[in-house]
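The structure under discussion appears below in the form of structure tokens.
Values in this document were obtained by computation on a predicted structure and should not be read as measured data. In each ligand, atom 1 is the first atom listed, and ligand 1 is the first ligand listed.
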Amino acid sequence: MKYNLLIRGCGIINGKSTPAFKADLGIRDGKISAIGPLPDAEAERVLDCPELILSPGFIDIHTHTDFTILINPWAESKIRQGVTTEVIGNCGSSAAPLCGEKLVRVQEQNKDLVIDWNTLGEYRDRVNIQGTAVNLIPLTGHGNIRASVMGYDPRPPGREEMNRMLELLRQSLEEGSWGISTGLVYPPGVFSGSDELVELLSEVSRFGGIYSTHMRNESDRVEEAVAEAINLAEKAGVSLQISHLKAQGRRNWHRIESCFRKIEAARSRGMDIHCDRYPYIASATDLDILLPSWTWEGGSEEELRRLSEPTIRKRIRDEITKDDWESVIISRVTTEENWKLEGRNLKDIAADRRLEPVDCLFDILMEEELEVEALFFGMSRDNLERILKKPYCMIASDASARADYGLLSRGKPHPRTFGTFPRVLGKLVRRGVLPLEEAVYKMTGLPAEKLGLKDRGVIREGAAADLVIFNQAKVKDRATYQNPHLYPEGIEYVIVNGEIVLEAGLQTGKLPGRFL
Ligand SMILES: [Zn+2]
């Protein structure tokens with residue numbers, strides 16, 4: 001048999017948490033066709049990698065690459081980390097469906113893109129025309145369904161609206177969505193109650209899909225939020241993935257214990273529950289997450305109006321009890337005048353402007369018409385390690401694909417965007433937080449099992465040839481909060497559907513990814 005590609009002499013980690021072994025690997029027609037000693041095999045191309053480790057390509061089960069893949073199909077920040085498949089559409093927000101008020105808002109937020117689709121099928125066609133370096137697994141954002149039908153109204157849906165939401169969800173699932181995600185801290189997810197969610201999740205369960213949730217609270221009320229997530233998933237009989245599990249804020253760090261207990265009790269009842277986590281102790285999201293949730297009702301215009309009206313502004317001011325303003329770092333603004341704020345913390349900016357930090361927050365939100373992203377330092381390093389060690393925790397970036405050039409190099413994104421997977425393989429494995437094989441399992445076999453993805457995330461004959469070859473002695477992340485656009489080191493080759501997309505650390509320009 002002649003192979004398209006033959007990889008010789010690697011240490012193979014098969015994605016199942018079992019010890020590495022030495023073997024050759026033959027690839028033909030996009031699939032792994034032989035594993036073992038292949039001394040006489042012929043191939044169009046041979047890679048000799050005796051010092052390197054070969055494992056399944058990483059499955060990034062929590063990402064936001066929905067729109068950026070249309071801006072840049074090469075997905076550099078992910079490919080360079082060894083990611084070969086991304087699960088998009090997380091935290092309640094996906095590229096489809098897009099109708100009504102949701103469509104209007106998404107077009108406003110993505111000025112560099114012409115949004116010419118409504119459905120998942122149409123979005124997929126659009127991506128396929130341009131191509132993609134990574135494989136994509138789409139989830140359906142609950143926020144898309146809700147805002148497409150009822151805008152940003154802070155009320156439960158009527159029966160007609162509920163039926164329309166179910167219809168949009170069903171259509172997405174029929175067109176290839178793998179499940180649903182919620183963002184219950186963001187509008188419009190924040191306005192949704194249990195009846196609505198259980199009805200939608202039951203539909204997902206009928207299709208065998210998963211439920212991924214950015215929970216209603218990740219700080220003072222994180223335990224209630226975990227209980228709510230479990231309760232909803234249990235009622236609907238759906239597989240649950242808790243997104244970026246954390247207990248935010250020093251005063252809440254101890255709460256992680258009882259979150260573990262709740263999750264583990266549900267697992268021992270037979271529920272299918274996992275979580276994902278990025279290996280950093282700062283989170284990243286929109287700056288206006290600091291405002292009380294009632295200020296978001298009715299959409300951005302209403303929110304801005306509230307900030308500009310002195311009496312309402314005072315009421316908001318009174319409700320914000322935050323005191324650690326130095327822990328909030330502006331990471332991305334829209335106006336050129338404020339570019340200098342990127343990378344600086346709110347306490348310092350407020351001191352420069354001779355303002356109270358809370359007023360400075362309001363001013364920046366108004367200047368930028370709410371389009372500001374920030375980093376929030378509030379997580380415990382101990383908890384991070386304990387979460388990552390849990391057998392039900394998968395490694396995921398919670399980031400969109402970016403690059404170190406062009407439109408996708410703007411701002412200061414969270415370093416997890418460029419560093420997540422090499423950071424775990426390098427720093428955390430070397431420090432002994434996880435054995436190498438187990439770390440790889442949490443990036444490959446485990447997310448594949450969660451998704452029911454049978455022929456990826458594992459090295460075996462017949463499986464898709466999504467592979468990464470890395471140097472365990474050299475692998476490390478380089479991206480920092482101040483300098484986040486740095487690609488990692490030590491990821492040598494990345495192969496997607498049998499094609500080499502990264503060779504000796506450089507991208508080949510190939511786009512062999514596809515929707516799964
Ligand atoms: Zn999230």
Under 2.8 Å from the Zn ion (ligand 1), the protein N, O or S atoms, given as residue and atom: Cys91 SG, His214 ND1, His244 NE2
All salt bridge (Lys or Arg N to Asp or Glu O under 4.0 Å) counterparts of Lys442, not counting sequence neighbours: none
Please name the residue in the list Phe377, Phe376, Tyr278 that meets the ring-ring contact (aromatic ring centres under 6.0 Å, His included) test with His414. Tyr278
What is the ring orientation for His64 with His62, classed by angle as parallel under 30°, tilted 30 to 60°, or perpendicular over 60°? perpendicular
Mind checking what makes salt bridge (Lys or Arg N to Asp or Glu O under 4.0 Å) contact with Arg381, not counting sequence neighbours? none
Residue pairs involving residues 82-94 (criterion salt bridge (charged side-chain N to carboxylate O under 4.0 Å, His left out); sequence neighbours excluded): Lys78-Glu86
Straight-line distance of Arg332 CZ to Leu375 CG, nearest 0.5 Å: 13.0 Å
